[in-house]
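On a predicted model such as this, the values are computed, not experimentally measured, just so you know.
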Amino acid sequence: MANPSRRQFLKWSALGASAGALVACSDKPTAAPKKLVPNGTGNTSADRTVWSACTVNCGSRCPLRLQVKDGRVIRVLPDNTGSDELGNQQVRACPRGRSMRQRIYNPQRLKRPMKRKPGTKRGDGQWVPISWDQALTEIADKMKQLKSDWGNECFYIQYGTGVLGSTMACSWPPEQTPVARMLNAFGGYLDHYSDYSTTNITQAYPYFYGEWQAANSFDDAANAQLQVMFGNNPLETRMSGGGQTFITQATKRKSGVKTIIIDPRYSETSVALGDEWVPLRPGTDAALVAGMIYVMLQENLHDQAFLDKYCVGFDEAHMPKGAPKNASYRSYLEGKGKDGVEKTPQWAAAITGVPASRIRQLARTIAGAKPCAITQGWGPQRHANGENIARAIFLLACVTGNVGIAGGGPGAREGGVALPVTKTFYEDIKNPSMKIISVFSWLDAIEHGPQMDTFNSGVGQKPELGVRALKVPVDEDGNPTNTRLTTPIKAIFNYGSNSLVNQTGDNNHSVDILRDESKCELIVTCDIMQTVTARYSDYLLPGTSTAEESDYHPGENATPMAYGIVSEQAIEPLYECKSIFDICTELSAKLGIKEAFTGGKTREQWLKETVETGRAEDPDLPTYEEWKKMGIFRKNMGATVSMEDFRKDPDANPLATPSGKIEIYSQRLENLAQKWTFGKFRPKLSGDVITPLPEHVNTWEGAEDAATNKKYPLQVIGHHFKARTHSSYGNVAWLKEAHIQTVWMNPADAKERGIENGDLVFVYNDRGTIRLPAKVTARIAPGTMSVPQGAWYDPRPASEVKPPAGANPDKPVDVAGSVNTLSSLHPTPIAKGMGVHTILAQAVKA
């Protein structure tokens with residue numbers, strides 16, 4: 001089955017599964033399950049067992065069965081339907097989902113509306129309980145005042161994926177949230193493009209493939225001779241039946257496909273799937289790719305026929321009209337380009353830390369595997385040169401001729417399938433405001449809004465619904481045109497979001513900006529927990545958990561099986577908690593837009609209508625009431641092969657690039673490079689450049705800088721962690737006990753600093769200091785440290801925890817070990833996105 005577009009990909013499921021037309025299935029959804037995996041009957045004294053779901057943003061979506069007694073959830077059980085065969089697989093929740101009771105009844109649950117105590121600053125942690133009526137009245141009055149003073153462009157919905165996997169309670173993308181529908185009815189808001197997970201790769205796609213192209217699904221790797229995974233770690237990021245753990249392992253058992261993992265860290269995916277591990281220095285993937293392709297050209301191992309027919313810009317004979325001489329990728333490799341340097345394996349080895357002999361071996365192995373499934377996770381693109389890294393890995397798939405065929409793929413992250421269910425609640429009121437900024441630029445928009453434009457900050461006009469990549473408007477000659485913000489952000493709405501502080505870069509500086517009330521005047525947080533973000537808010541509105549409401553949850557990333565979950569309200573809302581639909585309904589009434597917000601329907605009516613949209617396209621889908629009883633519905637849709645139509649007939653199925661072909665050299669990026677400006681709000685740094693080719697770019701705090709930086713010689717990255725999904729579940733006692741927050745250090749780096757396994761250490765740079773135990777292990781590349789991302793930022797003043805000598809004495813010590821205490825707010829050059837894996841730091845024993 002051919003893979004769909006990014007627009008469809010986002011229409012059905014915000015981050016995970018790309019959608020496609022339903023096809024005939026070999027296993028009827030209602031057929032008796034084969035080889036049923038027993039899960040037990042649970043607590044037999046329970047009054048009832050209802051279906052629920054884990055809705056956090058791991059890229060999976062898993063059903064849960066909640067056992068209820070006397071109005072309280074007493075046990076959480078996994079899916080007990082389906083089988084152990086792909087296409088009808090059981091969607092068994094991981095330990096995070098199984099610990100749901102500790103989220104529902106967590107001591108840090110928000111129980112009643114609260115406002116920040118007058119006279120205190122955001123972050124002081126002093127709150128006054130208030131009634132719902134007072135909270136919503138005061139918020140509505142402030143919104144009216146801000147709209148009058150600044151216009152609707154001053155309103156912003158913060159990125160937040162804590163309830164990503166729901167429909168009526170959805171927290172991202174912005175236009176699919178109840179908050180957005182309310183603001184649309186109120187006159188609009190400033191939108192953002194892309195997401196924290198994928199900002200740079202999202203902006204790389206248009207200049208290479210024209211639009212988002214998911215890779216072939218993981219089950220299709222059974223058709224490959226070799227699987228190569230760049231920074232792709234599904235067994236930790238998507239470690240459940242709803243994710244890729246079962247699929248990747250079943251495919252490996254079935255096909256025995258050899259797998260090479262290229263990653264600075266020997267991840268759980270390396271352990272369970274990998275046959276070979278290639279540790280490289282963080283942020284150097286594009287250099288590794290260049291060194292390998294250099295060998296392929298020398299030994300005539302590349303697919304020249306594919307490059308000639310489907311691509312623009314690989315060699316001088318296939319350049320766009322008007323491009324300068326020696327601007328092709330081959331010229332870049334051969335040293336004929338601007339830098340005059342041949343990209344030999346020796347050149348690549350000096351940058352990546354991978355020996356030249358190993359680079360030659362990899363080149364021959366990858367080029368010789370017919371076909372080869374090349375994928376990349378979203379870790380490599382979270383670097384300061386992330387857009388070029390993403391394009392370079394795309395390029396490797398092209399040079400080896402693997403695009404558009406079974407067992408191959410375009411070098412992107414794996415795709416999936418989904419059911420055709422449309423969230424109609426979000427389609428009939430559009431955002432009147434057409435301005436859009438990068439998801440990572442909101443702090444700049446607080447401080448410098450009216451100074452931000454297309455060329456210095458990536459401000460754009462909002463594209464069509466469902467497209468979250470910036471499309472820079474152009475004039476008749478194809479030159480980019482400018483769009484400017486007119487106001488700063490004055491009000492932020494955080495719903496299901498811990499990205500105000502904690503998931504954004506440079507925690508300490510973010511806090512400094514937010515504590516200044518003259519900048520952003522209103523911060524409202526609706527959540528179920530008193531998160532780090534809640535700490536820096538003005539109003540806290542207690543929301544409901546999935547156990548306290550019914551909803552539809554689209555399955556994500558499972559292949560070849562599409563599925564969906566309908567959850568049933570298991571218990572009454574705890575304390576004074578309300579659903580986000582009810583909160584927005586009541587706030588809309590105070591804004592005079594209630595009828596526009598509700599559309600004259602109840603939450604349940606909208607939910608039923610959502611399910612019916614799928615039934616209109618596929619009559620196999622159950623009714624809402626039937627679905628609620630069965631919990632999960634699954635359908636076998638087969639493996640996905642990305643860009644299959646383009647490969648078969650590129651003339652009849654052109655890409656959305658100007659040439660209609662794969663653009664290895666992008667004239668649009670060359671045009672942007674002439675217009676883009678750097679250094680408007682912060683100093684211009686090394687790596688702040690745009691290149692029309694997917695070149696390796698030396699960046700601030702990158703691998704080359706680490707080699708000469710005596711003060712901060714170690715690179716730091718963040719990895720996803722079994723104890724949390726980003727920061728969700730970050731306060732669950734069971735998970736914190738089972739998975740300790742540690743910093744991974746190579747034995748050579750630890751020995752040099754007198755650090756042993758388990759020692760408490762400080763890791764620090766000018767932006768901040770964290771304190772946590774050391775995990776000394778050969779599973780991390782030398783010169784690199786890795787800190788699990790998502791720990792809840794907990795700063796302590798010097799009077800309580802003294803920073804080490806050499807650390808910034810003006811910054812507190814974060815005793816929780818949040819990696820974003822060390823990361824930067826400096827954006828990437830094209831996407832203006834996150835480069836939070838580009839960090840230099842030092843480590844000392846505490």
Side-chain angles (χ1 to χ4, degrees), residues 236 263-268 270-271 277 279 281-282 353 502 507-508 701 706-707 709-724 727 730-731 733-823 836-837 839-846:
E236 285 179 279
D263 197 313
R265 191 175 70 98
Y266 191 67
S267 65
E268 295 299 286
S270 301
V271 172
W277 174 44
R281 292 171 183 149
N502 205 78
N507 288 334
N508 292 319
E701 300 188 36
N709 193 317
K710 294 182 180 179
K711 186 176 182 182
Y712 302 127
L714 297 175
Q715 290 185 268
V716 181
I717 57 175
H719 63 270
H720 287 63
F721 197 37
K722 291 181 178 180
R724 300 181 293 271
S727 66
N731 62 338
W734 286 352
L735 297 172
K736 291 177 73 173
E737 181 180 355
H739 304 286
I740 307 298
Q741 181 79 355
T742 60
V743 54
W744 289 37
M745 298 184 68
N746 185 274
D749 298 320
K751 183 178 180 181
E752 182 180 341
R753 291 160 177 79
I755 295 171
E756 296 183 356
N757 189 56
D759 283 349
L760 201 62
V761 299
F762 291 112
V763 181
Y764 64 90
N765 58 23
D766 289 342
R767 291 180 291 272
T769 301
I770 61 176
R771 188 187 70 182
L772 69 175
K775 179 183 176 72
V776 179
T777 174
R779 290 176 58 179
I780 188 77
T784 304
M785 296 186 290
S786 190
V787 179
Q789 66 95 9
W792 289 22
Y793 169 67
D794 186 3
R796 303 294 176 88
S799 59
E800 186 174 339
V801 181
K802 185 178 179 181
N808 189 334
D810 298 325
K811 302 293 184 182
V813 175
D814 173 15
V815 298
S818 172
V819 70
N820 280 327
T821 299
L822 305 173
S823 66
V836 295
H837 285 189
I839 302 170
L840 290 186
Q842 181 60 284
V844 297
K845 189 173 179 178

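Between the N746 side chain and the A748 main chain, a donor and an acceptor come within less than 3.5 Å of each other. No donor-acceptor pair under 3.5 Å is formed between the side chain of R796 and the backbone N or O of V813. Side chain of N757 to backbone of V776: a donor-acceptor contact under 3.5 angstrom is found. Remark: the backbone N or O of P782 is not paired with any side-chain donor or acceptor of D749 at under 3.5 angstrom.
Using a 4.5 Å heavy-atom threshold, the side chains of H719 and S267 count as separate. Side-chain contact between E800 and V815: absent, with no pair of heavy atoms (C-beta onward) separated by less than 4.5 Å. Side-chain contact between Y793 and N820 is absent, with no heavy-atom pair separated by less than 4.5 Å. Looking only at side-chain heavy atoms (C-beta outward), H837 and Q789 stay at 4.5 Å or farther from each other. In this structure, the side chains of Y712 and E701 stay at 4.5 Å or more apart for every pair of heavy atoms. V801 places a side-chain heavy atom less than 4.5 Å from the side chain of F762. Within the 4.5 Å cutoff, side-chain heavy atoms of Y764 are placed close to those of P804. Considering only heavy atoms from C-beta on, V763 stays 4.5 Å or farther from V787 through its side chain.
Side-chain atoms of S270 and D263 form no donor-acceptor pair, as typed in the model, at a separation below 3.5 Å.
Residue Q741 forms a side-chain contact (heavy atoms from CB on, under 4.5 Å) with just one option from V819, I770, L772, and that option is L772. Checking each of D814, N508, N502 against T821 for a side chain to side chain donor-acceptor pair (under 3.5 Å) leaves exactly one that passes, namely D814. Checked options Q842, M745, R265; the residue passing with M785 is M745 (criterion: side-chain contact (heavy atoms from CB on, under 4.5 Å)).
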Test log, rule side-chain contact (heavy atoms from CB on, under 4.5 Å), inputs K775 and I780
CA-CA 10 Å; K775 179 183 176 72; I780 188 77; over 6 Å; no
Kindly determine whether R724 and H739 satisfy side-chain contact (heavy atoms from CB on, under 4.5 Å), including the steps that lead there.
CA-CA 9 Å; R724 300 181 293 271; H739 304 286; over 6 Å; no
